[in-house]
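Right, one structure below, let's go through it.
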Amino acid sequence: MSAATASGSLRPLPRVRSRIARHFMPVAGRPIATVLIACLLLAGCNRERTAAPASPSPAPVASSAPQSGPAPTTTPAPADRTAAPSAALILPGVFAPDSTPDTLRRQFGDANVQIGEVPGAEGETARGVILFPDDPERRAYLYFQDASALRGLAQVRIAETTSQWRMDDGIAIGTPLAELVRRNGQPITFSGLGWDYGGIVQDLHGGALAAQREGPVMRSWRLVPRDPEAASADDDYPIGDGSFRSDDPRWPRQGETLAVGELWVSFPGEDDL
C-alpha cells in the first residue's frame, strides 16, 4: 500500500473506549498516509548490579632487565551501534523530508530502526519505519511519500500513552485540552470523539499555536479522554461526526476530561513545494 490519503465517506462508529482513538485524519490536504496505531503497554524494570569483591593479586616483581621495543598498542573496540541514541525524543527534532533509514540508524542506532509494515486506516498497512519497536515509551511510526523506496519522509506519528516524545514547545501526550487552550490564547475546534477520526484538532482560530500548522513542517494533535477506563457523563466531551469548540458551554468539563493522545509532524510532498 502506498502512502496515500484514504478516501471515501466516513461513518460514525460506536463510542470507542480504547486507550487512544485509533485513526488519523490527514489535515490541510497534505498527501500523507492515513494511519492507525496499536498501543502496547510493556513494563520495564531496573536491575541493580553488584560488583563481586576483587580477589587479592600477588605483588608485582621488580625486574632490573631493561625494557626494549615499542610500547604495545591496543585496538579500540568497535562502536556499539545498539547504544543509547544521540537524538533527543523531540518533534520535529532531527526529522526532515530527506530522512532515510540510513540516517535514522546513525541518529537512533541500528537496533532501534525497523523497516516493516506500519498500521493504516481500516485495518490496512503500508511499508514504513518503526523506531524503537520494542519500547512503547519511545516508539514512533514513520510514513514516506514513496513507501517502496522509503524516500520523502511524510509523517512522524506518536500515539503511545506512555510515550516520552514531545513537541519542541513542550506539548506532549497527556497535555490537557485546557492547557492547549491556555497556550493558544484562543478556543480550539476539534472533531467529536467516539468514531474513526474523532478528536482531531481542526482549527486554532488564529491563536499562538496556529503558526505550528503553517510552513514546511506541520505540527498536529489529537484529543482523547484523559481517563479512558472511567465511565463518562454526557457533559464530559462531545461525541460523533461533527466539529466542536473548546468553549462550548454544553461540555463545561472537556478542558480537563480531554487531553492530547497523539502527536504528529508532517512534511511537504512534491505537490506542496
Side-chain angles (χ1 to χ4, degrees), residues 16-25 27 32-46 82 84-96 99 104-105 107-109 111-121 125-126 128-143 153-180 183 190 193 197-201 209 212-213 217-230 256-267:
V16 177
R17 292 191 183 277
S18 58
R19 304 185 80 91
I20 60 168
R22 294 191 300 248
H23 296 265
F24 162 74
M25 181 170 64
V27 283
I32 303 170
T34 308
V35 293
L36 164 67
I37 295 291
C39 283
L40 302 175
L41 185 60
L42 304 178
C45 62
N46 295 323
T82 65
S86 59
L89 303 181
I90 300 294
L91 296 177
V94 298
F95 299 110
S99 293
L104 294 169
R105 291 185 185 103
Q107 293 160 343
F108 295 99
N112 301 319
V113 178
Q114 175 180 300
I115 297 174
E117 294 297 304
V118 291
T125 61
V129 168
I130 305 111
L131 295 181
F132 305 102
D134 300 321
D135 185 352
E137 293 189 354
R138 298 187 292 174
R139 188 179 300 136
Y141 290 87
L142 278 63
Y143 299 80
L153 181 61
Q155 183 188 95
V156 180
R157 184 165 179 254
I158 312 298
E160 307 292 348
T161 58
T162 58
S163 180
Q164 296 179 6
W165 288 90
R166 59 184 57 243
M167 295 291 192
D168 49 10
D169 62 359
I171 294 174
I173 299 292
T175 299
L177 171 59
E179 173 64 13
L180 287 182
R183 293 186 182 213
F190 57 94
L193 278 74
Y197 304 113
I200 304 296
V201 172
L209 296 178
Q212 298 193 21
R213 301 173 71 88
V217 180
M218 184 174 185
R219 299 159 178 82
S220 302
W221 318 272
R222 182 176 191 166
L223 301 172
V224 301
R226 290 186 72 181
D227 186 358
E229 305 300 329
E256 296 302 327
T257 58
L258 295 179
V260 173
E262 293 187 21
L263 306 168
W264 64 83
V265 291
S266 304
F267 301 93

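These numbers come from a predicted model, not from an experiment.
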Test side chain to side chain contact (heavy atoms under 4.5 Å, CB included) applied to L131 and V113, step by step = CA-CA 5 Å; L131 295 181; V113 178; 3.8 Å; yes
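- You'll find the side chain of I171 reaches within 4.5 Å of the side chain of L209, heavy atoms only.
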| query | Could you walk me through whether V265 and M167 pass the side chain to side chain contact (heavy atoms under 4.5 Å, CB included) check? | reply | CA-CA 9 Å; V265 291; M167 295 291 192; 4.1 Å; yes
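- The minimum heavy-atom distance between T125 and E117, with the atom names listed, is OG1-OE1, 2.8 Å.
- Nearest approach of W221 to R213, heavy atoms of both residues: CZ3-NH1, 3.9 Å.
- I173 approaches S163 most closely through the heavy-atom pair CG1-CB, 4.1 Å.
- Remark: W165 pairs with F95 by the ring pair (Phe, Tyr, Trp, His ring centres under 6.0 Å) rule, at least two apart or across chains.
- Side-chain contact between F132 and L89: present, with at least one pair of heavy atoms (C-beta onward) separated by less than 4.5 Å.
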- Task: Decide side chain to side chain contact (heavy atoms under 4.5 Å, CB included) for L142 and L104; before the verdict, give the C-alpha distance in whole Å, the side-chain angles of both, and the deciding distance to 0.1 Å.
- Result: CA-CA 11 Å; L142 278 63; L104 294 169; 3.5 Å; yes
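- R183 has its side chain within reach of D169: a pair of non-hydrogen atoms, C-beta onward, lies under 4.5 Å apart.
- Residues that satisfy the salt bridge (Lys or Arg N to Asp or Glu O under 4.0 Å) test with R219, not counting sequence neighbours, are D168.
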Item to check | Worked verdict on F108 versus V129 for side chain to side chain contact (heavy atoms under 4.5 Å, CB included) | outcome: CA-CA 12 Å; F108 295 99; V129 168; over 6 Å; no
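- No side-chain heavy atom of E160 sits under 4.5 Å from any side-chain heavy atom of E137.
- Contact detail for L223 and L193: the closest heavy-atom pair is O-CD2, 4.1 Å.
- A donor-acceptor pair under 3.5 Å is absent between the side-chain atoms of R138 and the main chain of Q164, judged by distance alone.
- In terms of heavy atoms, A140 sits closest to I158 at CB-CD1, 3.3 Å.
- Side-chain contact between I130 and Y141 is present, with heavy atoms from C-beta onward closer than 4.5 Å.
- Between N112 atom CG and Q107 atom CD the span is 12.0 Å, to the nearest 0.5 Å.
- Residues R226 and A259 come closest through the heavy atom pair CG-CB, 3.2 Å.
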